[in-house]
Colleague: 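Right, I'll just put the structure down here and ask away after.
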Amino acid sequence: MENTRLKIAVQKSGRLAERSLDLLSKCGITLERSKDQLLCRAQNFPLDVLLVRDDDIPAFVATDVCQLGIVGENVLFETQEFEAQENSENGNFSKLETLVKFGFGQCRLSLAVPNEINYEGLQFFNGKTIATSYKGLLAQYLQSQNINAKIVTMRGAVEIAPKTHLADAICDLVSTGNTLTSNGLKEVETILNSQAVLIKNLNMPDNLNSICVRLVTRMNAVLKARNSRYIVLHAPINALDKIKAVLPGSKAPTIIPLKGCNEQVAVHAVSEEEVFWNTMEDLKDKGASSILVLPIEKMMD
Ligand code: ATP
Ligand code: ZN
């Protein structure tokens, strides 16, 4: 029987899990989910969601178990790089394509050294030992920078390696930097900036591809709406040009007459950027009143 449902791999629990499921929910997809279930079925969309460890997501998509996956670029690029270095036949991994960048799960892969090191540049790492869970990306980076260092692979708790003299430095994910600070380390180089992305296997059959296009259209609509605002205000007709000039990011606001009032109109506009308090004050100074700034739930061109 031909498979008529699209499968997407999503992190089961962890930093990306909640945001990934929230995104699907904002796309109008309702999941039947029971505890410890691996596969959730969407009731109102031809989609099944596979809940797995994030490290396995690129492999699930590369081997056609799922057609799509939501994963950090760090995991995607590490898997691709590792496969390229360890397996000459990495065809499937290199066929993974990024369809959407989500803007959540932001972090960077960085090199960090103990605070007391007087770090003067990458040459520091020559002849040193670096602990990491990102051997593929680190090896590629060191090679591109002509640095000869030894890599020790660790699965977790990489930040304790210098204290226990397992390594001179580490290469790990950083977001706030608090973990580094509390372990007496300082960030000295960034290797990669990462965020969560939607990945796709390029060999998707046509019938599933059309479902994928619908899903991606909805995801883009949710992302676009996330930063946009709907602005409503009243403006004196003689101040309209000045007010329009201050309205953020709106190309063509809608002007609506106000019944029984000849001097004022209502202005409705969509701003694709945040509306700050000082912009609202500026609008008021130019004569605008009854200013409303509303969130937008969905937006489709
Ligand atoms: P799993 O059990 O699925 O293997 P994990 O422990 O490997 O989970 P998490 O810590 O949940 O992974 O992180 C998942 C992803 O979140 C990372 O791969 C990365 O893309 C992103 N992320 C954002 N900020 C950070 C951070 N400060 N540290 C680690 N990962 C981060
Ligand atoms: Zn993981």
Side-chain angles (χ1 to χ4, degrees), residues 1-80 83 91-107 194-228 295-301:
M1 199 184 81
E2 190 191 24
N3 193 357
T4 53
R5 291 178 71 82
L6 195 64
K7 272 206 190 78
I8 186 168
V10 166
Q11 192 189 25
K12 185 175 170 61
S13 67
R15 290 176 209 254
L16 302 182
E18 200 177 317
R19 296 291 299 265
S20 303
L21 292 175
D22 181 57
L23 181 74
L24 292 175
S25 148
K26 290 209 168 80
C27 289
I29 292 164
T30 317
L31 296 176
E32 286 168 22
R33 194 182 177 193
S34 66
K35 263 212 158 143
D36 294 329
Q37 208 175 334
L38 228 89
L39 192 71
C40 299
R41 198 182 156 86
Q43 295 161 339
N44 53 356
F45 200 83
L47 181 79
D48 292 330
V49 182
L50 197 67
L51 299 168
V52 292
R53 286 198 55 190
D54 68 342
D55 314 69
D56 297 331
I57 292 175
F60 275 121
V61 182
T63 56
D64 286 328
V65 174
C66 296
Q67 293 76 39
L68 296 174
I70 299 180
V71 69
E73 286 173 305
N74 53 312
V75 171
L76 170 67
F77 297 151
E78 171 61 23
T79 314
Q80 288 180 319
E83 289 293 324
N92 285 333
F93 285 91
S94 57
K95 274 195 214 134
L96 298 174
E97 187 194 7
T98 295
L99 285 185
V100 186
K101 295 189 177 203
F102 293 123
F104 63 81
Q106 280 172 342
C107 58
S194 175
Q195 59 178 300
V197 293
L198 180 72
I199 55 169
K200 172 195 173 187
N201 188 308
L202 276 183
N203 303 322
M204 194 172 323
D206 284 348
N207 66 318
L208 294 183
N209 197 48
S210 61
I211 305 173
C212 174
V213 169
R214 275 177 70 205
L215 180 64
V216 168
T217 304
R218 290 191 188 187
M219 284 176 169
N220 282 326
V222 171
L223 294 181
K224 195 166 173 199
R226 190 175 61 189
N227 299 321
S228 300
I296 296 176
E297 199 177 89
K298 304 181 183 77
M299 235 171 127
M300 205 181 279
D301 285 330

Colleague: Just do the side chain to side chain contact (heavy atoms under 4.5 Å, CB included) check on I199 and T98 with the steps written out, would you?
Modeller: CA-CA 5 Å; I199 55 169; T98 295; 4.2 Å; yes
Colleague: Could you check whether any side-chain heavy atom of V52 comes within less than 4.5 Å of a side-chain heavy atom of K12, counting everything from C-beta outward?
Modeller: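 The answer is no, as the side chains (C-beta and beyond) never meet within the 4.5 Å cut-off.
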Colleague: Going from NZ on K26 to CZ on R218, what distance comes out if it is rounded to the nearest 0.5 angstrom?
Modeller: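 Nearest 0.5 Å value for the NZ-CZ distance: 15.0 Å.
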Colleague: May I ask you to check whether over 12 heavy atoms, not counting those of E297, lie within 6.0 Å of atom CD?
Modeller: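 Open.
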Colleague: Is there side-chain contact between R19 and F102, with at least one heavy-atom pair below 4.5 Å?
Modeller: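 Side-chain contact under 4.5 Å: no.
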Colleague: Decide if atom CD of Q106 counts as having more than 12 heavy atoms of other residues, nucleotides or ligands within a radius under 6.0 Å.
Modeller: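 Buried by this count: over 12 neighbours within 6.0 Å.
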Colleague: Can you tell me how far the OG atom of S210 sits from the CG atom of L215, to the nearest 0.5 Å?
Modeller: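 If we round to the nearest 0.5 Å, S210:OG and L215:CG are 11.5 Å apart.
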Colleague: Would you say the side chain of V49 lies within less than 4.5 Å of the side chain of I29, judging by non-hydrogen atoms?
Modeller: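 The answer is no, as the side chains (C-beta and beyond) never meet within the 4.5 Å cut-off.
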Colleague: Do the side chains of N207 and I211 get nearer than 4.5 Å, heavy atoms only?
Modeller: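 Not touching, per the 4.5 Å side-chain cut-off.
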Colleague: How long is the straight-line distance from CG of L68 back to CG of L50, given to the nearest 0.5 Å?
Modeller: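 Result: 12.0 Å between the selected atoms.
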Colleague: Please name the pair of heavy atoms, one in D48 and one in A42, separated by the smallest distance, quoted to 0.1 Å.
Modeller: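 That closest heavy-atom pairing would be OD1-N, 4.3 Å.
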Colleague: With heavy-atom distances below 4.5 Å as the criterion, would you say the side chains of C212 and Q67 are in contact?
Modeller: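 No, every pair of side-chain atoms sits at 4.5 Å or beyond.
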Colleague: Answer yes or no: is there a donor N or O on one side and an acceptor on the other, between the side chain of N209 and the main chain of M204, under 3.5 Å?
Modeller: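 Looks like no, no N/O pair under 3.5 Å.
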Colleague: Measure the spacing between NZ of K101 and CD of E73 and express it to the nearest 0.5 Å.
Modeller: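 If we round to the nearest 0.5 Å, K101:NZ and E73:CD are 4.5 Å apart.
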Colleague: Would you say the side-chain atoms of T79 pair up with the backbone N or O of V75, donor to acceptor, closer than 3.5 Å?
Modeller: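 Yes, the answer is positive, given that a donor and an acceptor are paired below the 3.5 Å cut-off.
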Colleague: Before you tell me yes or no, could you show the steps for N201 and D64 under side-chain hydrogen bond (donor to acceptor under 3.5 Å, both in side chains), namely the whole-Å CA-CA distance, both residues' side-chain angles and the distance that decides it to 0.1 Å?
Modeller: CA-CA 7 Å; N201 188 308; D64 286 328; 3.0 Å; yes
Colleague: So, does S194 use its side chain to make a donor-acceptor pair with the main chain of C107 at under 3.5 Å?
Modeller: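 No, the answer is negative, given that no donor and acceptor are paired below the 3.5 Å cut-off.
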Colleague: When rounded to the nearest 0.5 angstrom, what is the spacing between CD1 in I70 and CE in M219?
Modeller: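 Result: 4.5 Å between the selected atoms.
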Colleague: So does F93 get a backbone contact from the side chain of Q80, meaning a donor-acceptor N/O pair under 3.5 Å?
Modeller: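 Side chain of Q80 to backbone of F93: a pair is present.
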Colleague: How about K7 and L39: do any of their side-chain heavy atoms sit closer than 4.5 Å?
Modeller: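 A side-chain contact exists here, since the closest heavy-atom pair is under 4.5 Å.
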Colleague: As an exercise, state the distance from SG of C66 to NZ of K200, rounded to the nearest 0.5 Å.
Modeller: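 The NZ atom of K200 is 15.0 Å from SG of C66, to the nearest 0.5 Å.
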Colleague: Considering all heavy atoms of both residues, which atom of V71 and which atom of I57 are nearest to each other, and what is their separation?
Modeller: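 What the structure gives for the nearest pair is CB-CG2, 3.9 Å.
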